[in-house]
Trainee: 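Quick one: structure below, then a few questions.
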Amino acid sequence: MKSFRMPTWLAAPFSAALSSGAQAATPAGASPILGAVTWMQDTLLGEVASSVAVIAVAVVGFMMLSGRLNWRYGATVIVGCFVLFGAATIVGGIRTAAG
């Protein structure tokens, strides 16, 4: 079965209409909630959190090398830190690939 693909000249007006509708649909009380979420994001991804993550990766790496920590668990901690701090880049890559 062949999938339908809309021509670019026809899709542009629809995408512009959809994006402007999404921006206009912001609820009235969203500003304080958005501010709180932005503060949480800045706190969780700020300089203090980055310093704690660097120390955690160093400690986990030292424990893995000294044989006190399972390699699989240590790798999970390190990959988790990369995913946490690289989430914005990962989402941007997925959006670019999907669009």
Side-chain angles (χ1 to χ4, degrees):
M1 183 169 149
K2 189 173 181 180
S3 65
F4 173 73
R5 190 167 172 132
M6 188 179 295
T8 307
W9 60 270
L10 185 60
F14 290 115
S15 65
L18 290 175
S19 66
S20 65
Q23 292 172 354
T26 305
S31 182
I33 296 171
L34 182 62
V37 170
T38 304
W39 175 82
M40 290 265 296
Q41 179 184 4
D42 292 342
T43 302
L44 292 174
L45 298 176
E47 293 179 14
V48 174
S50 297
S51 301
V52 170
V54 167
I55 293 169
V57 168
V59 169
V60 166
F62 181 71
M63 290 177 69
M64 286 169 41
L65 289 175
S66 65
R68 297 180 184 186
L69 187 65
N70 185 0
W71 281 84
R72 185 173 291 182
Y73 179 72
T76 303
V77 171
I78 293 170
V79 169
C81 288
F82 282 119
V83 169
L84 177 67
F85 290 105
T89 306
I90 293 169
V91 170
I94 291 172
R95 282 186 179 174
T96 302

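Every heavy atom of this structure was used, including side-chain atoms; hydrogens, water molecules and symmetry mates were not. In this text the structure is predicted, and so the values were computed from the model without any measurement.
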Trainee: Return the minimal non-hydrogen interatomic distance between Ala49 and Phe85, and the atom names on each side.
Mentor: O-CZ, 3.7 Å
Trainee: Please check if Val60 and Phe62 belong to a single hydrophobic cluster, counting links between Ile, Leu, Val, Met, Phe, Trp and Tyr side chain heavy atoms closer than 4.5 Å.
Mentor: no
Trainee: Hey, any chance Val54 and Val52 share a hydrophobic cluster, counting ILVMFWY side chains that come within less than 4.5 Å of each other, even indirectly?
Mentor: no
Trainee: Quick check for you: to the nearest 0.5 Å, what is the distance between Thr89 atom OG1 and Ile94 atom CD1?
Mentor: 11.0 Å
Trainee: With sequence neighbours left out, what residues match Val57 under side-chain contact (heavy atoms from CB on, under 4.5 Å)?
Mentor: Ile78, Cys81
Trainee: Could you point out which residue of Thr43, Val37, Asp42 forms a side chain to side chain contact (heavy atoms under 4.5 Å, CB included) with Trp39?
Mentor: Thr43
Trainee: Using 0.5 Å steps for rounding, measure from the CE atom of Met63 to the CH2 atom of Trp71.
Mentor: 12.5 Å
Trainee: Supply the atom-to-atom distance Ser50 OG to Ile55 CD1, rounded to the nearest 0.5 angstrom.
Mentor: 11.0 Å
Trainee: Can you tell me how far the CD1 atom of Ile90 sits from the CZ atom of Phe82, to the nearest 0.5 Å?
Mentor: 11.0 Å
